[in-house]
Trainee: 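I'd like to ask you about the structure that follows.
Here the structure is a predicted model, which is why all the values come from computation and not from measurement. First the proteins, then the strands, lettered A, B, ... as listed; each starts at 1.
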There are 2 protein chains.
Amino acid sequence: MTPEIHQLDETDKRILLAMDPDPRIPVMMLAQILGLARGTVQARLEKLAASGALRPNSIRVSPAALGRGVSAAVSAEVDQSLLNEAIAALREIPEVLDCVAPAGDTDLLIRVAAKDPDDLYRVSEVIRLCPGIKRTSTSMFLREVIPYRTTGLLEE
Amino acid sequence: MTPEIHQLDETDKRILLAMDPDPRIPVMMLAQILGLARGTVQARLEKLAASGALRPNSIRVSPAALGRGVSAAVSAEVDQSLLNEAIAALREIPEVLDCVAPAGDTDLLIRVAAKDPDDLYRVSEVIRLCPGIKRTSTSMFLREVIPYRTTGLLEE
DNA sequence: ACAAGACTAGTCAAAATGCCCAACCGAACC
DNA sequence: GGTTCGGTTGGGCATTTTGACTAGTCTTGT
């Protein structure tokens, strides 16, 4: 069931926490901060990169820096027979940040980023026009209360 | 109103896209891939790091690699007079990945990661016990249809 | 007790970095 | 027209870092 994901151990987490402010920190500095041998850190980094435990770097880019200061959740009801087509179409929309399938009433929960409320309306229209999408309900985010993070889990 | 966020130009985006697979790629390699002078890329990288346009590196860590293969959305109704206390309490829960305040019926939309459905139940209990939280509704994600990304916006 | 794997501490040549420079370009301004 | 300004270029330079090794130590499971 679990797709064989390389679990990170204590050392991996310490390395990642030390790289949190800047992933481009030299390995030597990491090693001396963490009190490890350079070779050790180097080997860990290579394994980490190969393990698939890290998502692409581009997810670090704040949508706001890309001029998309308005984000929202779009919940969509989907014609089940067209689910794959709907997903494929959503994937082509750059403003779609991510999409999950929750248990419950809504079929797809889509997170989007737009330039402004007007642009958000446009994006929600584009989504509504995707094949298989029967109904959508958009709710804008008034505030990002806690920005996405994993530090808590890394520190545990 | 907009908190003075440094907007990325075309060159910034190209640099970020080239760093997508590995943020530790040497500056020299970046420069020759992009056909820019090394000094230019170096200057851009420094500005990018200082601009706040990039989120911490730790958000790249997949919760699954931390043993949290189950994620969910918890929508919470909050006693408005205790909103700040509720948020402060949520911030202390490591399993809380992020939290937004949507316009509409639910006051807070909380994304959480847990080890398994049982653990998810525990986490939702912890949330329910936060000060000011009146009612919660948890819906587990059956599938991550489109993983979080910003590549589309970077390429535009 | 043994083998396997991870860690250490050290070496080395090759490469990259940080930090200079003078020169160049285009846009904005007087 | 002329000028200043920010960003870029291509170059040099000393220093640091990297990648790829080594051999010895430590821990863990069998």
Trainee: Answer yes or no: is there a side-chain heavy-atom contact under 4.5 Å between A:L45 and A:V41?
Mentor: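 They are in contact (side-chain heavy atoms under 4.5 Å apart), so the answer is yes.
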Trainee: Given side-chain contact (heavy atoms from CB on, under 4.5 Å), test A:R14 with A:L17 step by step and report yes or no.
Mentor: CA-CA 5 Å; A:R14 289 211 305 140; A:L17 274 177; 5.8 Å; no
Trainee: I need the CG-C1' distance between A:D22 and C:dT17, as an integer number of Å.
Mentor: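 Going from A:D22 (CG) to C:dT17 (C1'), I get 13 Å.
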Trainee: Are the charged groups of A:E125 and A:R122 less than 4.0 angstrom apart, N to O?
Mentor: no
Trainee: Quick one: which protein N/O atoms are closer than 3.5 Å to N/O atoms of nucleotides 18-25 of chain D? Pair and distance per line, please.
Mentor:
unit_1 : atom_1 : unit_2 : atom_2 : d
D:dT18 : OP1    : A:V27  : N      : 2.9
D:dT18 : OP2    : A:V27  : N      : 3.1
D:dT18 : OP2    : A:M28  : N      : 3.2
D:dG19 : OP2    : A:Q42  : NE2    : 3.1
D:dG19 : N7     : A:R38  : NH1    : 3.1
D:dG19 : N7     : A:R38  : NH2    : 3.3
D:dG19 : O6     : A:R38  : NH2    : 2.7
D:dA20 : N6     : A:R38  : NH2    : 3.1

Trainee: When the distance from CD1 of B:I33 to P of C:dA16 is rounded to whole Å, what number comes out?
Mentor: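 After rounding, the reported distance stands at 11 Å.
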Trainee: Does any part of the side chain of A:L83, heavy atoms only, come nearer than 4.5 Å to the side chain of A:L108, both counted from C-beta?
Mentor: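 Yes; the side chains approach each other to less than 4.5 Å.
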Trainee: Check whether any side-chain nitrogen or oxygen of B:T40 sits under 4.0 Å from OP1 or OP2 of D:dT9, and answer yes or no.
Mentor: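 Result: yes.
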Trainee: As a test of reading the structure: which of D:dG7, C:dA6, D:dT9 is closest to the side chain of B:K47, going by heavy atoms?
Mentor: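 In terms of side-chain proximity for B:K47, the closest of D:dG7, C:dA6, D:dT9 is D:dG7.
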Trainee: B:M19 versus B:L16: any side-chain heavy-atom pair under 4.5 Å?
Mentor: yes
Trainee: Roughly how bent is the helix from C:dA1-D:dT30 to C:dC30-D:dG1 end to end, in steps of 10 degrees, with each end axis from five pairs?
Mentor: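 Angle reported: 50°, given to the nearest ten degrees.
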Trainee: Which whole-number value in Å describes the distance from B:L45 CG to C:dA16 P?
Mentor: 15 Å
Trainee: Measure the distance from CG on B:L30 to P on C:dG18 and round it to the nearest whole Å.
Mentor: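 Rounding to the nearest Å, CG of B:L30 and P of C:dG18 are 13 Å apart.
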Trainee: Would you say the side chain of B:V145 lies within less than 4.5 Å of the side chain of A:I87, judging by non-hydrogen atoms?
Mentor: yes
Trainee: Salt bridge between A:E156 and B:K115, side-chain N to carboxylate O under 4.0 Å?
Mentor: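 Looking at B:K115 together with A:E156, the answer is no, because their closest N to O distance does not fall below 4.0 Å.
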Trainee: Passes side-chain contact (heavy atoms from CB on, under 4.5 Å), B:R44 versus B:D9? Steps please.
Mentor: CA-CA 10 Å; B:R44 294 289 188 141; B:D9 66 8; 2.8 Å; yes
